[in-house]
Every structure is written in C-alpha cells, then in structure tokens.
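The chain is numbered in sequence order, starting from 1.
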Amino acid sequence: MLRRGDRLPLDEMTRRNLELVEPLRAALPGLPGGAGTTLLDVLDRTLTPMGARLLRGWLLAPLVDPAAITARLDAVEVLVDDVRGRTACAKRSTA
C-alpha cells in the first residue's frame with residue numbers, strides 16, 4: 001500500500017521541462033512524433049483508458065521507495081517474460 005510520502009511530487013515547471021505528458025513545442029506537420037513527442041507518447045502501449053490514466057499518473061508522480069520500485073519492476077518483468085500470460089491479460093482487459 002502506498003503512503004503519502006511514497007511518491008515524488010513534481011512541480012509544473014519540472015513536468016513541462018521533462019516533457020512527460022506535454023511537449024515544449026508542437027509536432028511538425030507531416031512528421032510522426034518529432035518535436036511533439038513526450039515520454040508518455042514513447043511509453044504508452046496501453047489498451048484501455050484506465051491503463052492510460054494509470055501510466056500517466058505513474059509518470060507525473062514517480063515512486064521514491066526502493067522496495068516499491070523493485071516490486072513494480074518485478075511485476076513488469078513477469079509480464080514482459082510471459083508472452084502468453086500478457087496476451088491473455090490484454091484480451092481480458094479489452095473484453
């Protein structure tokens with residue numbers, strides 16, 4: 001369970017300069033991504049609106065507790081390594 005101090009609050013200027021969810025410059029017409037690419041654009045392969053909101057929240061308020069970070073990385077590793085399980089999970093979440 002996460003407690004109040006388990007996340008790093010990022011101020012608006014930091015979020016903007018890191019281009020987490022909003023680019024500093026608009027994308028150039030005719031070019032995929034380009035100047036308008038954000039970290040969220042690069043990472044987001046979510047299949048549901050709930051997954052997209054969760055990923056956005058994780059980017060805007062990253063974990064600081066090493067144990068929580070390790071637990072999240074372990075969960076991601078399981079999904080990456082288990083193609084069959086990942087596919088079944090994706091099918092259930094979009095059904």
Side-chain angles (χ1 to χ4, degrees):
M1 199 74 196
L2 293 176
R3 296 178 305 275
R4 174 172 261 178
D6 290 343
R7 296 184 177 273
L8 177 66
L10 300 175
D11 63 74
E12 188 59 37
M13 187 60 72
T14 300
R15 291 177 180 187
R16 181 178 157 89
N17 287 331
L18 291 174
E19 297 184 282
L20 298 176
V21 296
E22 293 181 34
L24 287 174
R25 291 174 259 162
L28 301 173
L31 293 177
T37 301
T38 65
L39 182 59
L40 182 61
D41 293 333
V42 171
L43 296 177
D44 191 2
R45 288 200 246 164
T46 58
L47 300 176
T48 65
M50 185 186 303
R53 287 190 301 270
L54 181 63
L55 178 59
R56 181 182 171 93
W58 285 355
L59 292 176
L60 294 176
L63 294 171
V64 294
D65 178 44
I69 293 169
T70 300
R72 183 176 292 169
L73 289 173
D74 289 346
V76 169
E77 182 179 24
V78 167
L79 289 173
V80 168
D81 291 344
D82 183 7
V83 176
R84 215 187 248 160
R86 183 176 66 241
T87 302
C89 184
K91 284 181 183 177
R92 281 189 298 251
S93 68
T94 58

Distance from Glu22 atom CD to Leu40 atom CG, nearest 0.5 Å? 10.5 Å
Return the CZ to OG1 distance between Arg92 and Thr48, rounded to the nearest 0.5 Å. 13.5 Å
I'd like to check the side-chain hydrogen bond (donor to acceptor under 3.5 Å, both in side chains) partners of Thr46; sequence neighbours left out, ordered by chain and number. Asp44
Do the side chains of Arg16 and Leu24 get nearer than 4.5 Å, heavy atoms only? yes
Validation row: Arg7, Leu63 side chains within 4.5 angstrom (heavy atoms): yes
Does Leu59 reach the side chain of Leu43, with side-chain heavy atoms less than 4.5 Å apart? yes
Would you please name every residue forming a side chain to side chain contact (heavy atoms under 4.5 Å, CB included) with Arg15, sequence neighbours left out? Leu10, Glu12, Leu20, Leu60
Non-neighbouring partners of Val83 that pass side chain to side chain contact (heavy atoms under 4.5 Å, CB included), sequence neighbours left out: Arg86, Thr87
Between the side chain of Asp74 and the main-chain N/O of Ala71, is any donor-acceptor distance below 3.5 Å? no
If you group Ile, Leu, Val, Met, Phe, Trp and Tyr by side-chain heavy-atom gaps below 4.5 Å, do Val78 and Ile69 land in one group? no
Check for me, please, whether Leu73 and Leu79 land in the same ILVMFWY cluster - side-chain distances under 4.5 Å, paths through other members count. no
Which atom pair, heavy atoms only, marks the closest approach of Ala90 to Leu47? CB-CD1, 3.4 Å
